[in-house]
Amino acid sequence: MIKNLSTSLKSYLQENKAIFKNNWLWAGIMYVLLIFVASVLFMLDYELFAVGVSSISTSITLLLYGQSSYLIFINLLEIIVSIILFFVIAVFCFFVRTAIQYVVQDTLRTKLTKVSFSNVFKKFKQLNKNQVLRLFCYLSLFMFLWLLPLMIINMFTSKIAFVTYILQFLFFVVILWKGIDYSQAIFLYRENQPQFLGQSQRYALKASKHFIKNLRFKYLLVLIGLTIPLVIWIAIWSVVTYFGFYIWEPIMIYGGPILGIIGGCFYLPFVQFTLAYFYEKNSSSELIEKSFRDCFKPVEKLTGEAYKN
């Protein structure tokens with residue numbers, strides 16, 4: 001299996017070298033801009049949340065001493081707004097990432113497609129925002145529900161060191177396991193988008209589990225292959241940053257993390273090309289039909305015709 005995967009990877013690089021070479025730069029620039037904008041927005045949102053939390057504790061203290069404080073409502077509003085903004089920013093990032101992923105997939109399907117701002121923006125406008133939003137919500141909800149039992153256990157055992165280590169390992173296993181299960185959801189949703197009209201987006205997750213069922217180990221090896229260069233890159237710039245603090249060299253202290261993040265952004269397009277290639281190479285009309293088999297509700301049930309009589 002490993003030998004076959006190595007052969008497939010070499011074949012992938014040979015087949016798509018020109019495509020990747022002509023498209024990775026613009027995709028990388030878009031990811032740099034996305035990460036920068038999202039980071040700034042998340043930091044501002046965090047500051048709003050922190051101000052709300054710190055201020056509300058002061059307001060509660062004043063109330064306990066019998067003093068009226070209308071500011072508590074303003075503080076609650078700050079916290080609520082920050083949570084809503086966090087969700088909005090996360091959804092926007094998911095929309096942009098999905099648009100880039102679809103354009104990347106199109107470059108593998110037809111060599112005439114190029115990754116560019118105009119094509120990504122066009123794909124972004126073409127996204128069915130309602131359906132993609134519901135897909136994002138189901139992905140987040142299901143991942144949260146799978147992790148919830150571990151979070152609850154951790155609340156009661158956080159002071160026991162070895163239990164904490166075990167739970168951290170289980171967190172990693174669950175995220176990896178379910179991440180692989182749901183990894184093909186956005187591709188399969190795109191394949192059968194018209195059929196999702198009036199249907200639940202969770203069927204994309206269900207179809208993804210069926211699709212990846214016999215490909216899990218192969219996909220895991222692909223992820224490992226993609227992770228190794230990223231780990232090496234992070235290690236290099238972490239060492240640079242560490243020695244920057246050791247000799248107190250500002251260029252190394254600030255330059256290390258910045259260059260590390262920018263390099264990671266330019267590596268993300270290669271990850272997306274590889275994952276799209278994995279889907280294109282392993283998908284077939286028969287497998288897609290099998291993955292969606294018995295997923296969708298009959299139209300008669302959606303319209304109520306099945307319940308007449």
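Sequential numbering from 1 along the given sequence is applied to the chain's residues.
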Grab the two heavy atoms, one from Y138 and one from S200, that are nearest each other, plus how far apart they are. OH-OG, 3.2 Å
Nearest 0.5 Å, what's the CD1-CD1 distance between I212 and I180? 7.5 Å
Test: E289 and R293 ion pair at under 4.0 Å: yes
Pairwise side-chain contact, Y203 with F296, heavy-atom cut-off 4.5 Å (strictly under): yes
Under a single-linkage definition using a 4.5 Å side-chain heavy-atom cutoff for Ile, Leu, Val, Met, Phe, Trp and Tyr, are L220 and Y277 assigned to the same hydrophobic cluster? yes
More than 12 foreign heavy atoms under 6.0 Å from NZ of K129: is that the case here? yes
Between the CG atom in L268 and the CE atom in M30, the distance rounded to the nearest 0.5 Å is 12.0 Å
Minimum side-chain heavy-atom gap Q201-F136 below 4.5 Å: no
Testing the basics here: between I288 and S283, what is the closest heavy-atom pair and its distance to 0.1 Å? CD1-CB, 4.4 Å
May I ask you to decide if Q131's main-chain N or O and N128's side chain share a donor-acceptor pair within less than 3.5 Å? yes
Could you tell me whether F92 atom CZ has more than 12 heavy atoms of other residues or ligands within 6.0 Å of it? no
Got a second to check how far C295's SG is from R202's CZ, nearest 0.5 Å? 9.0 Å
Who passes side chain to side chain contact (heavy atoms under 4.5 Å, CB included) against L287, sequence neighbours left out? F211, S284, S291
Check against side-chain contact (heavy atoms from CB on, under 4.5 Å), Y182 and F142: CA-CA 10 Å; Y182 302 146; F142 283 13; 3.6 Å; yes
Got a sec, which residues hit salt bridge (Lys or Arg N to Asp or Glu O under 4.0 Å) with K209, two or more places apart in sequence or on another chain? none
Linking Ile, Leu, Val, Met, Phe, Trp and Tyr through side-chain heavy atoms less than 4.5 Å apart, which residues share a cluster with L85? L48, L77, V81
Could you see if F124 belongs to whatever hydrophobic cluster contains L34? Use Ile, Leu, Val, Met, Phe, Trp, Tyr and a side-chain cutoff under 4.5 Å. yes
Taken in chain and number order and not counting sequence neighbours, the residues that satisfy salt bridge (Lys or Arg N to Asp or Glu O under 4.0 Å) with E191 are R109
Sequence neighbours left out, cut at 3.5 Å: what donor-acceptor pairs do the side chains of residues 164-177 make with other protein atoms?
| residue | atom | partner | partner atom | Å |
| --- | --- | --- | --- | --- |
| T164 | OG1 | S158 | O | 3.4 |
| T164 | OG1 | I160 | O | 3.0 |
| W177 | NE1 | D181 | OD2 | 3.4 |

Under the side chain to side chain contact (heavy atoms under 4.5 Å, CB included) test, residues paired with L133 that sit two or more places apart: F87, V91, F95, C137
Does a side-chain heavy-atom distance below 4.5 Å link Q184 with Y219? yes
Could you see if F144 belongs to whatever hydrophobic cluster contains I89? Use Ile, Leu, Val, Met, Phe, Trp, Tyr and a side-chain cutoff under 4.5 Å. no
The reported gap from CG in L141 to CH2 in W146 (rounded to nearest 0.5 angstrom) is 12.5 Å
Identify every side-chain donor-acceptor pair in residues 221-229 under 3.5 Å, counting partners at least two apart or on other chains, and give the distances.
| residue | atom | partner | partner atom | Å |
| --- | --- | --- | --- | --- |
| T227 | OG1 | L223 | O | 2.6 |

Begin with the C-alpha distance, continue with both residues' side-chain angles, and end with the deciding distance and a verdict on side-chain contact (heavy atoms from CB on, under 4.5 Å) for F266 and I29. CA-CA 7 Å; F266 279 99; I29 292 173; 4.1 Å; yes
Could I get the full list of side chain to side chain contact (heavy atoms under 4.5 Å, CB included) partners for A27, not counting sequence neighbours? V115, P269
Look at the side-chain heavy atoms of Ile, Leu, Val, Met, Phe, Trp and Tyr, link any pair under 4.5 Å apart, and say whether M143 and I152 land in one connected group. yes
Hey, what do you get for CG (L108) to OG1 (T274), rounding to the nearest 0.5 Å? 9.0 Å
When you look at F187 and Q101, which way does the side-chain contact (heavy atoms from CB on, under 4.5 Å) test go after all the steps? CA-CA 9 Å; F187 297 116; Q101 180 68 82; 3.7 Å; yes
Step by step, would you call K114 with T107 a side-chain contact (heavy atoms from CB on, under 4.5 Å)? CA-CA 6 Å; K114 299 289 184 182; T107 63; 5.8 Å; no
Going by salt bridge (Lys or Arg N to Asp or Glu O under 4.0 Å), name the residues that satisfy it together with R134, two or more places apart in sequence or in a different chain. none
Keeping to residues at least two apart or across chains, list the ring pair (Phe, Tyr, Trp, His ring centres under 6.0 Å) pairs with something in residues 25-58. W26-F117, F42-F86
Just grab all the salt bridge (Lys or Arg N to Asp or Glu O under 4.0 Å) pairs involving residues 149-172, residues at least two apart or on different chains. none
With the 4.5 Å side-chain cut-off for hydrophobic clustering, are F121 and L127 part of the same group? no
Nearest 0.5 Å please: distance from the CD atom of Q105 over to the CZ atom of F273. 11.5 Å
For this output row, return yes or no: ring centroids of F196 and Y189 closer than 6.0 angstrom. yes
Kindly write out the residues that satisfy side chain to side chain contact (heavy atoms under 4.5 Å, CB included) with K123, not counting sequence neighbours, or none if the list is empty. A99, Y102, V103, D106, Q126, R190
Would the distance check show the side chain of D45 and the main-chain N or O of L41 forming a donor-acceptor pair, the cut-off being under 3.5 Å? no
